[in-house]
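Chain A is the first sequence line, chain B the second, and so forth, proteins listed ahead of strands; every chain is numbered from 1.
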Amino acid sequence: MVKVRFAPSPTGHLHVGGARTALFNWLFARKNSGKFVLRIEDTDLQRSSQEMSFEILNALRWLRLEWDEGPFYQSKRLHLYRRMAERLVEEGKAYYCYCTKEEIEERRKASGKGRAWKYDRRCLHLTEEERKKFEEEARPKAIRFLVPEGMTEFEDLILGKVSVKNQDIEDFVLLKSDGYPTYHLSVVVDDHLMKITHVIRGADHIYNTPKQILLYKALGWEPPLFAHLPLILGPDRKKLSKRHGETSVLAFKQKGITSLAMVNFLAQLSWSPGEDRDFYTMEELVERFSLEKVKKSNPVFDLDKLAWLNSRIISSMKPEDLWEEVLPFLEEKIRKRAEERKEWVFRVLNLIKERSRDLREVGEKLERYLVRDFQYKEDALKKHWKPGAKEGLRRLLEEYRALEPFNAQTAESSLRNLAEEMGVKAASLIHPLRVALLGERVSPPIFDVVEVLGKDEVLLRIERALEELPD
RNA sequence: GCCCCCGUCGUCUAGCCAGGUUAGGACACCGCCCUUUCAAGGCGGCGGCAUGGGUUCAAGUCCCGUCGGGGGCGCCA
């Protein structure tokens with residue numbers, strides 16, 4: 001059975017790259033009727049935090065990437081990693097290293113090789129006396145993996161064959177001197193114990209894979225299959241990071257991006273179902289997903305496309321669903337008022353969803369329908385509140401007062417008749433009416449607004465405008 | 001510095017594996033139509049196979065070089 005995992009380290013927000021990795025794992029699991037495991041890699045004491053773990057969980061829930069097992073915290077499984085590291089030492093496949101970080105740094109510098117320098121295996125060749133001395137001094141010791149000679153290869157499901165000369169790999173640390181495992185150890189132990197079949201992760205891990213395969217072999221375990229996803233780049237073609245602006249997925253949530261837009265956007269970075277469609281439901285994405293269709297090249301993160309997807313998804317949503325999504329963007333007072341007349345709110349949502357880019361906008365617009373004492377917007381007054389506007393509205397108010405039945409059709413013909421009577425264009429009544437009803441420069445078709453607000457509200461809003469707005 | 005990967009409109013991509021297309025779609029941008037406004041929608045425009053060579057009757061598709069971009073080389077994950 002297929003089993004995959006998402007294994008973030010809680011050292012920061014869940015950023016778009018991480019979310020994309022989680023999404024692809026989730027899609028792969030669902031597509032293959034497998035399991036999706038969530039594991040928190042909190043073995044870096046300094047940088048990990050509980051709050052970040054919770055936030056990551058939250059972000060995954062928002063994206064609707066529900067996990068089948070976990071979350072497992074590596075900080076609670078330390079004994080497992082230690083035992084395996086000790087075992088490797090006993091078997092001569094790893095060794096204790098007493099070198100301190102400073103000593104290593106010194107030797108690295110002295111070698112003149114800079115980054116090309118590899119650990120010199122000094123502690124592998126320690127004499128019995130030297131070892132005893134270090135032990136008596138109670139020097140902290142780490143455990144290093146003894147990289148064997150040869151060549152390590154694997155078939156990446158996305159990139160194809162990857163091979164590395166073992167001589168390019170240094171004797172990496174398995175267990176830090178503080179007793180905590182490094183990434184390589186914990187990830188291999190856990191992936192094996194959790195019976196992970198496919199490791200799908202970012203391409204920045206590509207050269208960790210040979211190290212980990214070596215570890216699997218040393219422990220006598222069968223390695224899983226690997227798939228490395230291309231990295232998401234910023235507009236300047238550099239690896240996406242904070243300098244490109246907001247990269248935390250929850251920040252997008254706060255900006256009013258729907259999770260479906262986020263998911264579609266992420267899914268279609270370096271992957272395409274090859275159809276002439278703009279977006280899909282989660283189920284449709286699952287149906288179409290396949291690792292073979294993942295490209296090797298790095299995609300660029302394009303905010304415009306996300307924003308557009310979001311606006312299209314919002315306007316395609318059923319008002320009931322849109323309502324749920326807008327809730328967090330409404331003030332308590334407004335929310336309560338809306339709850340009392342849900343059916344009516346749905347009608348309003350149907351009117352405004354078409355021209356909203358994000359959920360914040362939907363919330364702001366909805367509010368104008370729910371409260372009468374909204375602010376008249378400056379740009380609206382500037383553009384549509386011209387001399388003579390008031391006189392027209394005054395006459396329109398009289399017409400509307402007498403109008404029965406009062407609906408979009410009757411309101412429109414009434415207004416048009418009045419315009420003709422006054423010898424003005426209908427627009428010169430329509431625009432002031434828009435300002436009076438909603439205080440905005442733009443709105444849905446105004447007679448639809450008139451109908452949804454209802455006669456009483458329309459009259460009250462016109463009266464308010466006549467009272468408060470200048471001539 | 002050393003090792004590796006990638007390269008189709010500005011961006012996301014289809015086409016490449018199994019050579020023969022007027023190189024298709026979408027975002028963005030620009031026009032026009034619709035229209036009371038703004039969107040949406042419709043129509044049209046702009047714009048691309050990084051580059052040089054080779055193989056071939058034929059190359060975006062196969063091979064090599066160059067250039068450009070990315071990644072990795074931690075007691076971080």
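Among the atoms of the strands shown, base atoms are found under 4.0 Å from some heavy atom of A:Ser177. Residue contacts shown for A:Ala142 include a base, since a base heavy atom lies under 4.0 Å away.
Of the candidate nucleotides B:rC12, B:rA77, B:rA28, B:rA28 has the atom lying nearest to any side-chain atom of A:Trp308. For A:Lys176, counting side-chain heavy atoms from C-beta on, the closest listed nucleotide (B:rC12, B:rG69, B:rA77) is B:rA77. When each of B:rA77, B:rU36, B:rA14 is scored by its nearest atom to the side-chain atoms of A:Ile430, the top-ranked nucleotide is B:rU36. Residue A:Leu231 has its side chain nearest to B:rG71 when only B:rA77, B:rG71, B:rC75 are considered.
Using a 4.0 Å cut-off between charged nitrogen and carboxylate oxygen, A:Glu170 and A:Arg115 do not count as a salt-bridge pair.
With a cut-off of 3.5 Å on both Watson-Crick or G-U wobble distances, the partner of B:rA50 is given as B:rU66. Base pairing of B:rU21: no nucleotide in any strand meets the Watson-Crick or G-U wobble criterion (both distances under 3.5 Å).
For A:Lys113 and B:rG1, the NZ to P distance is 17 Å, given to the nearest whole Å. The separation between A:Leu309 atom CG and B:rC27 atom C1' is 9 Å, rounded to whole Å. Taking atom CG on A:Asp304 and atom P on B:rU11, their separation rounds to 13 Å, with Å as the unit. The separation between A:His244 atom NE2 and B:rG70 atom C1' is 12 Å, rounded to whole Å.
Within the 3.5 Å criterion, the main-chain N or O of A:Asp278 finds a donor-acceptor partner in the side chain of A:Gln268. Between the A:Ser111 side chain and the A:Lys113 main chain, a donor and an acceptor come within less than 3.5 Å of each other.
Of the C1' atoms belonging to B:rU51 and B:rU8, the separation is 14 Å, rounded to the nearest Å.
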